[in-house]
Asks: 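There's a structure below that I have some questions on.
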Amino acid sequence: MSATNIRKADAMPEFEKYRKRLENRRKYLVTRLENIEDELDQPHNRNWDDDATENEQHEVLEDLGLSGQDEIKAIDAALKRIEDGSYGICVVSGEKISEERLNLLPHTPFCARHAS
């Protein structure tokens, strides 16, 4: 067994709770994005008094959708790091990311020092 395979096997049980959280969050976000898309695809109200309010609601939904897409990308990257054995290691410094930080932000690629 290669060193990489050993590292993957060792990392898997340790990070399984994060994988599950990430996968569940991803499923939630995909469903939310589908709902947002459905809402945005609804026909516009032709009542001009309500049109401004509807446009504001659409802008909020679009912002939520973009935010959700960004989070999905971060989750996918974290899941890839779990698979390749690099999860929990800061991509900048190579230092271990604290468990407290991973509990707060399981998709983070950065230790607290490099988060900003």
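It should be emphasised that the depicted structure is a prediction, and the values quoted were computed from it without experimental measurement.
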Asks: Does Ile82 share a hydrophobic cluster with Phe110, counting links as ILVMFWY side-chain heavy atoms below 4.5 Å and allowing steps through other members?
Replies: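 Each belongs to a different hydrophobic cluster.
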
Asks: Arg26 vs Glu71, test: side-chain contact (heavy atoms from CB on, under 4.5 Å). Steps then yes/no.
Replies: CA-CA 8 Å; Arg26 189 181 194 289; Glu71 189 174 349; over 6 Å; no

Asks: Judged by atom type as modelled, is there a donor-acceptor pair below 3.5 Å linking the side chain of Arg19 to the main-chain atoms of Ala78?
Replies: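 No, the answer is negative, given that no donor and acceptor are paired below the 3.5 Å cut-off.
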
Asks: Please assess Thr108 against His114 for the test side-chain contact (heavy atoms from CB on, under 4.5 Å), listing each intermediate value before the final yes or no.
Replies: CA-CA 11 Å; Thr108 187; His114 292 103; over 6 Å; no

Asks: Taking the side chain as everything from C-beta on, heavy atoms only, tell me whether Leu66 gets closer than 4.5 Å to Gln69.
Replies: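 Contact flag for Leu66/Gln69 side chains = yes.
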
Asks: With hydrophobic residues grouped by side-chain heavy-atom distances under 4.5 Å, do Leu79 and Leu33 end up in a single group?
Replies: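 Same cluster.
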
Asks: What is the ring orientation for Phe15 with Tyr87, classed by angle as parallel under 30°, tilted 30 to 60°, or perpendicular over 60°?
Replies: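 Ring orientation of Phe15 relative to Tyr87: perpendicular.
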
Asks: Answer yes or no: is there a side-chain heavy-atom contact under 4.5 Å between Glu99 and Leu104?
Replies: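 No; the side chains remain at least 4.5 Å from each other.
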
Asks: How far does CZ of Arg81 sit from CG of Asp76, to the nearest 0.5 angstrom?
Replies: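 If I round to the nearest 0.5 Å, the distance is 10.5 Å.
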
Asks: How long is the gap from CD1 on Ile89 to CG on Asp84, to the nearest 0.5 Å?
Replies: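 So the gap between those two atoms works out to 11.0 Å.
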
Asks: Look up atom CG in Leu22 and atom NZ in Lys27, then write down how far apart they are to the nearest 0.5 Å.
Replies: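 One finds 12.0 Å between CG of Leu22 and NZ of Lys27.
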
Asks: Could you go through Arg25 and His107, starting from their C-alpha distance and side-chain angles, then the distance that decides it, and tell me whether this counts as side-chain contact (heavy atoms from CB on, under 4.5 Å)?
Replies: CA-CA 10 Å; Arg25 178 67 178 169; His107 60 276; over 6 Å; no

Asks: Would Tyr28 and Ile72 show up in the same hydrophobic cluster when neighbours are defined by side-chain heavy atoms closer than 4.5 Å?
Replies: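 Linked, Tyr28 and Ile72 end up in one cluster.
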
Asks: Which heavy atom in Ala112 sits nearest to a heavy atom in Arg101, and how many Å separate them?
Replies: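 Nearest pair, atom of Ala112 first, then Arg101: N-CD, 3.5 Å.
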
Asks: Any link between Val30 and Ile75 through a network of hydrophobic side chains (Ile, Leu, Val, Met, Phe, Trp, Tyr) touching at under 4.5 Å?
Replies: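 Linked within one cluster.
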
Asks: Evaluate Lys96 against Cys111 for side-chain contact (heavy atoms from CB on, under 4.5 Å), listing each step before the verdict.
Replies: CA-CA 7 Å; Lys96 186 174 180 179; Cys111 65; over 6 Å; no

Asks: Look up atom CD1 in Ile36 and atom OG1 in Thr31, then write down how far apart they are to the nearest 0.5 Å.
Replies: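 One gets 11.0 Å once the value is rounded to the nearest 0.5 Å.
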
